[in-house]
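Bear in mind the structure is a predicted one, so any value in this text is a computation, not a measurement. Proteins get letters first, then strands, A, B, ... in listed order; numbering begins at 1 in each.
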Amino acid sequence: MNKKLPHTLIILLGPTCVGKTSLSIRIARLFETEIISCDSRQLFREMAIGTAVPDKVLLENIPHHFIQTHSIFDIYNAAKFEAEVLDKLRHMFEIHDFVVMTGGSMLYIDAVCKGIDDLPDIEPELRTALSERMQKEGIEQLRAELKLLDPAYYREVDLRNPVRILHALEICYTTGKSFSSQRSKTVKKRNFRIIKIGLNLDRRELYDRINRRVDEMMIAGLEQEAKNLYPHRHLSTLNTVGYRELFDYFDGHCSKAEAVEKIKSNTRKYARKQLTWFRKDTDIQWFHPNQEEEIVQLISNYG
RNA sequence: GGUGCCAUAGCUCAGUUGGUAGAGCAACGGACUGAAAAUCCGUGUGUCCCUAGUUCGAUUCUUGGUGGCACCA
């Protein structure tokens, strides 16, 4: 391959359970390259079964990055992911023209492709204090505070969404400046080419696959995995489909069968939410997961 | 075979003293730059089983069907 051509990041994305993993491995093998996982939950080594981490055999065949590399006890977010992936890509592009990134974490994909604003980390104490105030004083009080500190953001933010209010206040208090003044809203330049390949299935088939995979996770021991994590259930990372429903069951709020049904239902909702996000991204070229030849052809055209 | 009950959204069901209907679940859509598998917002999608009557008007009342369930034979 011609080394003078720009390096290319091939992003395989799509809703959960659509078949991204197996296709990404075949494509990575064909182009003799490696895979970056873009999955905000497979990052954590404590959550293997519930996040559908690929088989060891598959992982050993093709080098994977960002799978089970972090701990649920670490603070992690899309900005850290952006920085770590860009750093990794620098090294990978020294030996590969193509790198495959695969996953369905929408914000994380955007962070890698478009960048994310440079904001300071939030002290855990501040986060806790503001959350407690939200509980005690109610959202109205914090809204009023945001109106004083950052009237511009107050005007455009979804005032009913507590997480948005809290985060804006966190940034205001940490930096001493308004949140809106630090939002660049600009797309960062990348020195590599990006091809976004979207995978989608007929809705019925996607749901069948999701339902089946949840059953398989239960057989594989998801309940025990969740039980081991139960003591840490208040970590935000464990506020994840597949775990929180089982925590409810452990707490006696529902039967095991109801928890499993709830996992399926919430996974289907998650898939829909992913599709809503991807739908507005006009850079994505859509395929059926079995259109492997067409996808390979498309990538080859860029080489 | 006889008698009784039921038939309304994808499912379970409510309701209309006659003015074409609504809950839960499911489904569907949207927002979203540092918790993102998170968080937040929105949408009822219908030959009210069919037929013939009564009526200005029938999903509702009446006749006759069809299907289901129960009981009696």
Side-chain angles (χ1 to χ4, degrees), chain A residues 13-17 37-44 47 49-53 70 72-84 103-124 126-128 130-131 134 139 143 153 156-172 174-175 179-188 203-204 206-207 210-211 213-214 217 222 226 234-246 254 258 261-281:
Chain A
L13 55 83
T16 186
C17 222
S37 164
C38 186
D39 188 305
S40 70
R41 291 300 189 266
Q42 288 185 1
L43 280 163
F44 301 108
M47 305 164 70
I49 299 171
T51 61
V53 165
H70 295 68
I72 56 171
F73 303 107
D74 301 334
I75 292 173
Y76 206 76
N77 55 45
K80 288 192 198 301
F81 186 73
E82 178 198 1
E84 289 176 12
S105 295
M106 303 87 80
L107 182 63
Y108 283 38
I109 294 171
D110 275 3
V112 170
C113 296
K114 304 176 184 168
I116 202 162
D117 287 335
D118 196 20
L119 295 170
D121 287 340
I122 306 300
E123 292 299 324
L126 175 63
R127 172 155 292 178
T128 311
L130 282 170
S131 300
M134 178 76 84
I139 194 168
R143 247 184 230 155
Y153 190 64
E156 58 183 276
V157 71
D158 175 3
L159 290 169
R160 283 176 293 195
N161 191 332
V163 173
R164 296 278 133 75
I165 311 264
L166 283 173
H167 183 239
L169 285 174
E170 285 169 358
I171 297 297
C172 291
T174 301
T175 62
F179 177 46
S180 54
S181 69
Q182 299 169 75
R183 301 178 82 209
S184 68
K185 289 182 179 171
T186 55
V187 175
K188 284 185 200 162
R203 200 58 71 90
R204 270 295 291 272
L206 182 65
Y207 286 0
I210 287 171
N211 297 340
R213 191 174 71 182
V214 172
M217 283 176 178
L222 179 58
H234 298 303
L235 291 173
S236 64
T237 311
L238 289 177
N239 184 190
T240 295
V241 176
Y243 297 90
R244 58 176 191 224
E245 296 84 355
L246 285 171
C254 64
E258 283 165 344
E261 278 314 300
K262 205 72 194 153
I263 293 173
K264 291 176 182 174
S265 163
N266 285 335
T267 306
R268 294 194 297 266
K269 275 186 187 145
Y270 171 53
R272 263 182 259 144
K273 193 178 81 170
Q274 289 175 299
L275 287 166
T276 296
W277 181 293
F278 293 140
R279 216 170 276 142
K280 68 179 178 186
D281 186 342

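- Across every strand in view, rA58(B) sits unpaired, with no contact that passes the Watson-Crick or G-U test at under 3.5 angstrom.
- Taking every heavy atom of both residues into account, Tyr243(A) and Leu238(A) meet most closely at CB-O, 4.0 Å.
- Side-chain nitrogen and oxygen atoms of Thr276(A) include none within less than 4.0 Å of the OP1 or OP2 phosphate oxygen of rA31(B).
- Comparing the same atom, C1', in rG44(B) and in rA14(B) gives a spacing of 15 Å after rounding to whole Å.
- With rU33(B), rA36(B), rU39(B) as the choices, the nucleotide that has an atom nearest any side-chain atom of Ser184(A) turns out to be rU33(B).
- Nearest-nucleotide positions on RNA chain B place Ile171(A) closer to the 5' end than the other of Ile171(A) and Ser105(A).
- Looking at Leu246(A) and Ile263(A), their side chains come closer than 4.5 Å, going by heavy atoms from C-beta outward.
- Within 4.0 Å (heavy atoms only), Thr174(A) reaches no atom of the nucleic acid at all.
- Nucleotide rU20(B) forms no Watson-Crick or G-U wobble pair with any nucleotide shown, as no partner meets the under 3.5 Å limit on both distances.
- When the P atom is compared between rC50(B) and rC32(B), the two are found 45 Å apart, to the nearest whole Å.
- Pair assignment for rC25(B) gives rG10(B), based on Watson-Crick or G-U wobble hydrogen-bonding distances that are each under 3.5 Å.
- Atom C1' of rA27(B) sits at a distance of 24 Å from the matching atom of rU20(B), rounded to the whole Å.
- The nucleotide rA31(B) finds its pairing partner in rU39(B), both defining distances of the Watson-Crick or G-U wobble pair being shorter than 3.5 Å.
- Computed from coordinates, the Asp158(A) CG to rU33(B) P distance equals 12 Å when rounded to whole Å.
- For Ser236(A), whose side chain is taken as the heavy atoms from C-beta onward, the closest listed nucleotide among rU39(B), rA35(B), rU33(B) is rA35(B).
- At the phosphate of rA27(B), OP1 or OP2 sits under 4.0 Å from a side-chain N or O atom of Arg272(A).
- For rG29(B), the OP1/OP2 oxygens have a side-chain nitrogen or oxygen of Arg203(A) closer than 4.0 Å.
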Exercise for the section: Could you walk me through whether Lys188(A) and Asp118(A) pass the salt bridge (charged side-chain N to carboxylate O under 4.0 Å, His left out) test, one step at a time? Expected result: CA-CA 11 Å; Lys188(A) 284 185 200 162; Asp118(A) 196 20; over 6 Å; no

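- The distance between atom CZ of Arg160(A) and atom C1' of rG42(B), rounded to the nearest whole Å, is 9 Å.
- Remark: Arg164(A) is not in phosphate contact with rA38(B), judged by side-chain N or O atoms under 4.0 Å from OP1 or OP2.
- For rU47(B), there is no paired base (Watson-Crick or G-U wobble, both distances below 3.5 Å).
- At the phosphate of rC32(B), OP1 or OP2 sits under 4.0 Å from a side-chain N or O atom of Lys280(A).
- Close to rA35(B), at under 4.0 Å from its OP1 or OP2, lies no side-chain N or O of Tyr76(A).
- The phosphate of rA31(B) (OP1 or OP2) has no side-chain N or O of Lys273(A) nearer than 4.0 angstrom.
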Practice task
Might you work through the side chain to side chain contact (heavy atoms under 4.5 Å, CB included) test for Leu126(A) and Thr174(A), ending with a clear yes or no?
Solution key: CA-CA 8 Å; Leu126(A) 175 63; Thr174(A) 301; 3.3 Å; yes

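- Between Asn239(A) and rU39(B), a side-chain N or O to OP1/OP2 separation shorter than 4.0 Å is present.
- Remark: Tyr207(A) is in phosphate contact with rC28(B), judged by side-chain N or O atoms under 4.0 Å from OP1 or OP2.
- Nucleotides rU16(B) and rG22(B) place their P atoms 14 Å apart, quoted to the nearest Å.
- Only the P atoms considered, rC28(B) is 47 Å distant from rU3(B), to the nearest whole Å.
- Taking the C1' atom of each, rG30(B) and rG65(B) are spaced 48 Å apart, rounded to whole Å.
- Look at NZ on Lys114(A): it is 15 Å from C1' on rA36(B), rounded to the nearest Å.
- Each of Ile122(A) and Pro162(A) was assigned the nucleotide of RNA chain B with the nearest heavy atom; the assignment lying further toward the 5' end belongs to Ile122(A).
- Here the shortest heavy-atom pairing between Glu170(A) and Leu130(A) reads CG-CD1, 3.6 Å.
- Taking every heavy atom of both residues into account, Pro15(A) and Leu206(A) meet most closely at CG-CD2, 3.9 Å.
- Tyr243(A) comes within contact range of no nucleotide atom at all, as no heavy-atom separation falls under 4.0 Å.
- In this structure, Met106(A) atom CE and rU39(B) atom P are separated by 12 Å, rounded to whole Å.
- Between rG53(B) and rG64(B), the two P atoms lie 15 Å apart (nearest whole Å).
- Between Phe278(A) atom CZ and rC32(B) atom C1' the separation is 14 Å, expressed in whole Å.
- Atom CG in Leu43(A) sits about 14 Å away from atom C1' in rA38(B), given to the nearest Å.
- Put simply, CD1 on Ile109(A) is 17 Å from P on rC32(B), counting in whole angstrom units.
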Handout entry: Criterion side chain to side chain contact (heavy atoms under 4.5 Å, CB included) on Trp277(A) and Asp110(A), from CA distance to verdict
Key = CA-CA 11 Å; Trp277(A) 181 293; Asp110(A) 275 3; 3.2 Å; yes

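- Atom pair Arg268(A):CZ and rC25(B):P shows a separation of 14 Å (rounding to whole Å applied).
- Across all strands shown, rG4(B) is found opposite rC69(B) as a Watson-Crick or G-U wobble partner, with both distances under 3.5 Å.
- Here, rU17(B) and rC61(B) have their C1' atoms 12 Å apart, quoted to the whole Å.
- Ser265(A) comes within contact range of the sugar-phosphate backbone alone, with a heavy-atom separation under 4.0 Å but no base atom that close.
- Distance CD/Glu245(A) to CD/Glu258(A): 12.5 Å, rounded to 0.5 Å.
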